[in-house]
Student: 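Before I ask anything, here is the structure I am working with.
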Amino acid sequence: MTISKQTKLILLAIAFTLIVGAIVWSFTRGTTGALAKLCAQMETFGYKLIPDDLFIAFDSDDTTIETVLSGKPNHEIVSLSKEKGFKADLTAPGGVTVILSKLDDGILTLYLLNGEIQLAFIETKDGVRGL
């Protein structure tokens with residue numbers, strides 16, 4: 001079975017279009033998505049992250065942060081988060097996401113409610129500390 005020149009050109013044009021589309025999508029995904037916005041927000045605290053550095057450990061559309069924390073919130077992480085200007089609203093229902101990122105000195109942990117950071121702290125081998 002032989003393929004005509006016209007068919008080869010059409011297939012080549014389709015492949016080229018798909019590759020260019022994938023490159024554009026990859027670039028815009030990394031600079032305009034929700035994870036990119038979180039990275040920009042963390043940069044205000046001195047953490048230079050890219051979306052690929054972030055790991056979504058938990059995501060649910062209808063729960064509370066308190067429920068995710070098994071009903072036993074750690075008052076230290078609430079205080080640390082509030083000190084940095086986060087609301088730390090543990091009882092409001094909504095979409096809860098937990099995001100982790102490995103840092104040189106520990107694990108950055110973010111609890112989001114409907115896309116807004118509520119809790120933010122760093123877990124280290126010695127305990128937790130603020131951003």
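Heavy atoms only: backbone and side chains are in, while hydrogens, waters and symmetry mates are out. Residue numbers count from 1 along this sequence.
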Student: Atom CG of residue position Leu103 - does it have more than 12 heavy atoms of other residues, nucleotides or ligands inside 6.0 Å?
Tutor: yes
Student: Please confirm whether the backbone N or O of Thr97 pairs with a side-chain atom of Asp59, one donor and one acceptor, at under 3.5 Å?
Tutor: no
Student: Flag the pair Val98 / Ile65 as yes when at least one side-chain heavy-atom distance between them is below 4.5 Å, and no otherwise.
Tutor: no
Student: What heavy-atom pair brings Leu113 and Ala92 nearest, and what distance separates the two atoms?
Tutor: CD2-CB, 3.5 Å
Student: Using the side chain to side chain contact (heavy atoms under 4.5 Å, CB included) rule, take Ile122 and Leu131 through it: C-alpha gap first, then chi angles, then the decisive distance, then the call.
Tutor: CA-CA 6 Å; Ile122 297 172; Leu131 297 183; 4.2 Å; yes
Student: Once rounded to the nearest 0.5 Å, what's the spacing between atom CD of Glu116 and atom CG of Leu38?
Tutor: 11.0 Å
Student: Within the structure provided, determine whether Thr109 and Ile77 are in side-chain contact (heavy-atom separation under 4.5 Å).
Tutor: no
Student: State plainly whether one hydrophobic cluster holds both Phe55 and Leu112, where clusters connect Ile, Leu, Val, Met, Phe, Trp and Tyr through side-chain heavy atoms under 4.5 angstrom apart.
Tutor: no
Student: Are Leu18 and Ile10 linked, directly or through other ILVMFWY residues, by side chains that come within less than 4.5 angstrom of each other?
Tutor: yes
Student: Phe58 and Val68: which non-hydrogen atoms are nearest, and at how many Å?
Tutor: CE2-CG2, 3.4 Å
Student: Could you see if Ile117 belongs to whatever hydrophobic cluster contains Val78? Use Ile, Leu, Val, Met, Phe, Trp, Tyr and a side-chain cutoff under 4.5 Å.
Tutor: no
Student: Could you give the distance from CD1 (Ile99) to CG (Leu35), rounded to the nearest 0.5 Å?
Tutor: 5.5 Å
Student: For the atom pair OH (Tyr111) and CG (Leu69), what is the distance rounded to the nearest 0.5 Å?
Tutor: 4.5 Å
Student: Could you go through Leu90 and Leu119, starting from their C-alpha distance and side-chain angles, then the distance that decides it, and tell me whether this counts as side chain to side chain contact (heavy atoms under 4.5 Å, CB included)?
Tutor: CA-CA 9 Å; Leu90 306 182; Leu119 299 175; 3.7 Å; yes
Student: Relative to the ring of Phe45, is the ring of Phe86 parallel (under 30°), tilted (30 to 60°) or perpendicular (over 60°)?
Tutor: tilted
Student: How far apart are the closest heavy atoms of Leu54 and Cys39, and which atoms are they?
Tutor: CD1-SG, 3.8 Å
Student: Determine yes or no for a side-chain-to-main-chain donor-acceptor pair under 3.5 angstrom, with Ser101 supplying the side chain and Asp53 the backbone.
Tutor: yes
Student: Any donor-acceptor pair under 3.5 Å linking the side chain of Lys84 with the backbone of Ala120?
Tutor: no
Student: Test side chain to side chain contact (heavy atoms under 4.5 Å, CB included) on Leu108 and Leu49 and set out the steps.
Tutor: CA-CA 11 Å; Leu108 171 66; Leu49 304 170; 3.7 Å; yes
Student: First locate atom CG of Asn114, then atom CG of Asp61, and finally report the distance between them rounded to the nearest 0.5 Å.
Tutor: 9.5 Å
Student: How far does CD of Glu43 sit from CD1 of Ile50, to the nearest 0.5 angstrom?
Tutor: 12.0 Å
Student: Tell me whether Gln118 contacts the main-chain N or O of Asp89 through its side chain, where contact means a donor paired with an acceptor under 3.5 Å.
Tutor: yes
Student: Nearest 0.5 Å, please: how far is CG in Leu110 from CE in Met42?
Tutor: 5.0 Å
